[in-house]
Amino acid sequence: MIEILQVLIFGIVLGSIITLGAVGLSLLFGILRFANFAHGDMMTVGAYLALVFVAGLGWPIYAAFPMALAGGAVVAIAIDRVLYKRLRRTAPVILLISSFGVGLMLRSLVQFIWGPQSLVYEPGIQFPLEIFGLRIKPDHLVILAGVIILVILLHLFLQYTKMGKAMRAMSDNMDLAEITGIETERVIMWTWALGGALAAGAGIFLAMDTRLQPFMGWNMLLPVFAAAIMGGIGKPYGAIAGGMTVGIAEEMSTLFFSPAYKSAVAFALMVIILIVRPTGLFGGRSR
Amino acid sequence: MSLLEVNGIYGGYGGADILHGVELRVEPGEIVVIIGPNGAGKSTVMKAIFGLVPVREGRILFSGEEITNLRSSIIVRRGMSYVPQEYNVFPSLTVKENLEMGAFIRTDDFSEQLAHVFEIFPPLKDKRRQAAGLLSGGERQMVAIGRALMLTPRLLMLDEPTAGLSPQVVDLIFERIRTINDLGISFLMVEQNAKRALSFAHRGYLMTMGRSRFEDTGPNLLANPDVMEMFLGG
Amino acid sequence: MELTGLIGYLIPLLTFAGIYAVLSLGLNVQWGFAGLFNIGIAAFFAVGAYTTTILTTPPSPNYLGGFDLPFPVGLIGAMVASGLLALLIGLVTLNLRADYLAIATIGIGEIVRLILKNEAWLTHGVRGIKGIPKPFDTLSPEVQTLVYLLIVLAIVLIVYLAIERLLRAPWGRVLRAIRENELAASAVGKNVLRFRLEAFILGSMIMGLGGALYAHSFGFISPEAFDPMFATFLVWVMLIAGGSGNNRGAILGALVIWFIWSITGFLANRMPPELMTQAAALRPFLIGLMLQIILLTRPEGMLKEKPPSVTGDEGERRGR
Ligand SMILES: Nc1ncnc2c1ncn2[C@@H]1O[C@H](COP(=O)(O)OP(=O)(O)OP(=O)(O)O)[C@@H](O)[C@H]1O
Ligand SMILES: [Mg+2]
């Protein structure tokens with residue numbers, strides 16, 4: 001029993017990290033109709049950007065966090081300006097290929113700058129707290145709280161700011177947004193900023209939970225996509241449920257299978273959803 | 001100077017031309033309707049004016065300034081709004097949010113204009129927190145027109161604003177168009193119901209096969225036997 | 001001496017270019033002709049390589065088999081195994097949108113890699129399998145590699161001629177029609193799903209063949225060889241650079257990109273040791289950059305698709 005609860009806690013932590021990635025991915029898809037295959041590697045970039053402030057400048061992680069989020073946003077906007085913006089008018093699949101290439105470029109760049117070995121923000125091991133026989137690392141609480149705060153902030157942004165409403169409007173109907181006078185290019189820029197910042201946040205939390213490694217984000221692409229698809233891709237709110245489901249399912253599977261196959265679980269869930277309910281658990285967009 | 005001048009435009013969706021030299025104009029303060037059989041290119045003219053369909057030849061002037069092939073986001077800023085024939089509200093946004101989107105480029109306080117739109121379309125005020133996708137057809141049309149009004153345009157283009165509505169709602173929409181027109185806003189509308197629209201408008205055009213064929217005051221067009229024949233004959 | 005050195009360098013270079021040409025032709029059947037977005041090439045490549053390895057190596061306690069069967073049996077086995085995998089995946093995912101298919105194939109690629117790594121009884125795990133035989137092992141090693149190059153080139157030619165033929169046949173025309181306009185094709189009564197499935201399986205079998213050729217050429221395989229960079233991304237860049245939809249383009253792209261890739265590798269190896277890992281990391285970056293430049297400046301690639309598309313793409317895009 002304790003063991004199951006323990007695994008559940010790991011699942012919630014992993015699920016919240018996946019959620020953060022999936023929410024950003026889904027947001028980008030809803031507005032740009034574009035599945036961003038570089039999303040995992042944008043997570044990696046965010047994690048390493050935080051490392052610059054932590055290891056390079058000696059900042060505490062909570063101070064480095066917002067800087068890395070801003071950095072992730074800038075990187076995402078820059079990639080859009082240089083590449084995707086020019087390709088947007090051609091066939092959408094070209095964007096997929098391009099983003100796949102961007103992911104690879106980011107990954108090699110990280111490896112070029114920081115090397116292939118794995119790194120940590122703070123050396124030394126954290127001693128877990130013992131609560132009712134459960135072992136909980138303080139970092140886990142930080143991650144969970146961080147994700148909850150970011151998701152709430154995103155919610156407030158989408159519901160109550162002019163830019164957030166315009167994002168929802170564009171996700172509803174791009175052409176109508178254009179003729180209504182919404183500055184679509186500006187909204188797209190903000191969308192990339194949010195997507196990049198959320199990815200960076202997810203990357204930092206992932207690095208806190210495990211370690212920094214050039215492939216860390218690429219390895220998360222599958223669960224993140226699985227979560228977004230489960231939630232109905234294009235629906236950021238659905239991605240929350242999708243992310244938690246995938247995270248908990250992955251960790252729970254370790255009770256039955258070798259942990260090596262964790263990401264296969266995400267894949268299996270995704271395939272089942274695609275067969276049974278291609279529009280996601282809550283009915284996302286189908287086109 | 002005319003508010004809108006369309007001088008012999010040719011254009012289409014990338015393949016063969018749909019428009020073959022359309023001529024039309026709208027004077028300040030006028031309500032102008034375009035009638036014509038299905039597929040005549042009425043919606044296409046509106047899209048061409050609004051920069052949504054490329055114009056290959058010919059010119060479009062708005063208040064004397066050329067707007068041919070400008071992006072719609074720029075045309076909106078010049079003081080023209082367009083309500084397309086279908087999919088003309090953001091379904092997941094509330095009524096109020098839809099109207100706010102109409103004012104996206106305004107940086108000033110637009111609460112007065114919002115109140116004004118609610119005054120013109122009272123049903124919207126009660127439903128302002130409802131998702132626009134859940135409204136009736138007539139209410140949706142009100143949201144769409146209201147949203148287009150948020151920038152207080154000089155010209156409002158409506159593509160079949162009364163299609164598929166019940167007679168009472170059609171009456172209401174026509175009445176409101178009149179109210180808005182009295183405020184000094186000009187209209188260019190496409191209408192299916194030729195009789196009704198021509199008796200209502202200041203002037204009308206008959207379009208067939210990508211050309212504007214007849215231009216006259218509403219009653220004169222109605223009285224013209226050739227017009228009725230062409231309209232019915234396509 | 002100089003000359004033999006050059007030849008010693010050229011033979012493996014051409015052999016690998018040939019193997020990549022096979023992969024690129026396989027992708028061309030899927031993407032160029034059927035519009036199927038497969039970014040799990042690595043999976044089929046690996047399944048082909050491991051199948052032939054298990055079939056043709058002498059018995060070993062370390063992994064399944066080997067069965068010591070002849071080289072051609074290995075190639076056929078590789079094609080059958082990759083074809084079966086494609087059938088399985090295709091049945092589930094081929095009626096999905098391009099982006100869903102893409103992510104599903106990424107998933108397959110990852111899962112195949114996990115299996116190769118973790119199921120040691122089958123594959124000897126991360127340690128890999130060595131001693132994969134080349135055909136004609138009675139010849140001297142130099143002659144043998146030369147003969148092997150000829151075999152690879154012959155297979156490239158055969159695959160090229162076979163697909164060219166198929167694509168001119170009614171089957172290929174229907175395939176293109178489906179890619180251009182799925183609705184119209186299904187309206188005239190074509191079973192879109194079946195045609196796609198056939199194209200997906202055929203393309204994957206060719207990729208499996210490429211994998212088998214790779215295994216025999218290199219003599220050693222391990223899960224690392226099938227990471228998405230080498231096995232999937234390079235092939236995509238090759239096809240796009242060469243010109244998707246054009247089989248000669250697919251071959252030309254494989255040749256050119258493999259040369260460029262090898263040259264960067266050559267240069268990276270000449271770097272002072274302290275810079276070597278960094279230089280190695282920069283290679284994929286440069287290839288990625290090349291892809292972006294091609295997409296931005298010449299998306300149709302070096303050789304354009306030959307028959308002009310029947311329906312106007314333009315209208316379709318605008319209508320979206
Ligand atoms: N997106 C499009 N792409 C290609 N052709 C189009 C497109 N939209 C309309 N057309 C073609 O343009 C022609 C004119 O269409 P348009 O919609 O302007 O007619 P209309 O006069 O508005 O008809 P209706 O009364 O039915 O609304 C038609 O032949 C139609 O098939
Ligand atoms: Mg119309």
Side-chain angles (χ1 to χ4, degrees), chain A residues 29 33-37 79 82-83 86-87 89-98 100-117 174-175 214-215 218-219 221-222 224-226 228-229 233 258 260-264 266-268 270-272 274-275 278 286-287, chain C residues 31 35-37 39 89 91-93 95-104 106-115 117-119 227-229 232-234 236-237 239-240 244 277-297 299 313 316-318 320:
Chain A
F29 187 90
R33 308 285 188 276
F34 161 40
N36 178 25
F37 283 105
I79 294 170
V82 176
L83 293 175
R86 297 161 203 248
L87 295 171
R89 306 235 166 254
T90 58
V93 263
I94 298 294
L95 276 177
L96 291 190
I97 301 173
S98 177
F100 189 60
V102 165
L104 179 93
M105 291 168 76
L106 293 177
R107 218 175 311 147
S108 355
L109 214 53
V110 165
Q111 197 158 342
F112 176 73
I113 299 173
W114 287 282
Q117 72 281 20
M174 181 79 162
D175 298 335
F215 276 80
W218 166 258
N219 291 336
L221 190 65
L222 201 55
V224 166
F225 257 99
I229 289 174
I233 194 155
S258 151
Y261 287 110
K262 259 203 252 178
S263 57
F267 179 74
M270 182 179 80
V271 168
I272 292 169
L274 285 178
I275 297 171
S286 57
R287 45 176 184 137
Chain C
W31 168 248
L36 299 171
F37 200 89
I39 32 181
I89 303 165
L91 281 177
V92 176
T93 54
N95 50 355
L96 299 172
R97 300 179 334 206
D99 38 9
Y100 285 179
L101 175 64
I103 189 70
I106 287 190
I108 294 294
E110 286 303 298
I111 287 176
V112 165
R113 217 155 58 93
L114 287 180
I115 292 175
K117 259 172 135 167
N118 296 297
E119 301 304 319
D227 92 15
M229 169 62 212
T232 298
F233 188 71
L234 267 185
W236 266 100
V237 178
L239 181 61
I240 289 179
S244 46
T277 46
Q278 283 189 315
L282 214 50
R283 289 172 70 202
F285 181 85
L286 289 177
I287 291 287
L289 188 65
M290 242 177 78
L291 172 75
Q292 307 295 354
I293 292 171
I294 296 168
L295 288 179
L296 285 174
T297 56
D313 262 0
E316 193 183 318
R317 273 171 209 155
R318 288 212 143 259
R320 200 177 72 86

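These numbers come from a predicted model, not from an experiment. Below, chains carry the letters A, B, ... as their sequence lines are ordered, and counting in each starts from 1.
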Residues 108-115 of chain C side chain polar contacts: donor-acceptor under 3.5 Å, at least two apart:
{"from": "Glu110(C)", "atom 1": "OE1", "to": "Arg113(C)", "atom 2": "NH2", "distance (Å)": "3.4"}

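Only the side chain of Phe37(A) comes within contact range of chain C, with heavy atoms under 4.5 Å apart. Using a 4.5 Å cut-off between heavy atoms, Leu96(A) contacts chain C through both its backbone and its side chain. When heavy atoms are compared at a cutoff of 4.5 Å, Leu104(A) approaches chain C solely by way of its side chain, counted from C-beta outward. Both the backbone and the side chain of Leu83(A) come within contact range of chain C, each with at least one heavy atom under 4.5 Å from a heavy atom of that chain. Using a 4.5 Å cut-off between heavy atoms, Pro299(C) makes no contact with chain A at all.
Among the candidates Asn219(A), Ile113(A), Leu109(A), the residue making the largest number of heavy-atom pairs closer than 4.5 Å to chain C is Leu109(A). Between chain A and the residues Leu282(C), Ile287(C), Thr93(C), the most heavy-atom pairs under 4.5 angstrom are made by Leu282(C). Looking only at heavy-atom pairs under 4.5 Å with chain A, the residue among Leu289(C), Thr232(C), Val237(C), Leu286(C) that has the most is Leu289(C). Note on Val102(A), Ile97(A), Val110(A), Val82(A): by heavy-atom pairs under 4.5 Å with chain C, the leading option is Ile97(A).
Here the side chains of Ile229(A) and Tyr100(C) are in contact, with some heavy-atom distance below 4.5 Å. A 4.5 Å side-chain heavy-atom check between Phe225(A) and Ile106(C) finds every atom pair outside the cut-off.
Glu119(C) pairs by the side-chain hydrogen bond (donor to acceptor under 3.5 Å, both in side chains) definition with Tyr261(A), Trp121(C), not counting sequence neighbours.
Although no hydrogens or angles enter the test, the distance criterion places no donor-acceptor pair under 3.5 Å between the side chain of Ser244(C) and the main chain of Ile240(C).
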Between Asp99(C) and Ile233(A), is a side-chain contact (heavy atoms from CB on, under 4.5 Å) present by the stated rule, with each step listed?
CA-CA 11 Å; Asp99(C) 38 9; Ile233(A) 194 155; over 6 Å; no
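For the residue pair Gln278(C) and Phe112(A), the shortest heavy atom distance occurs at NE2-O, 3.0 Å.
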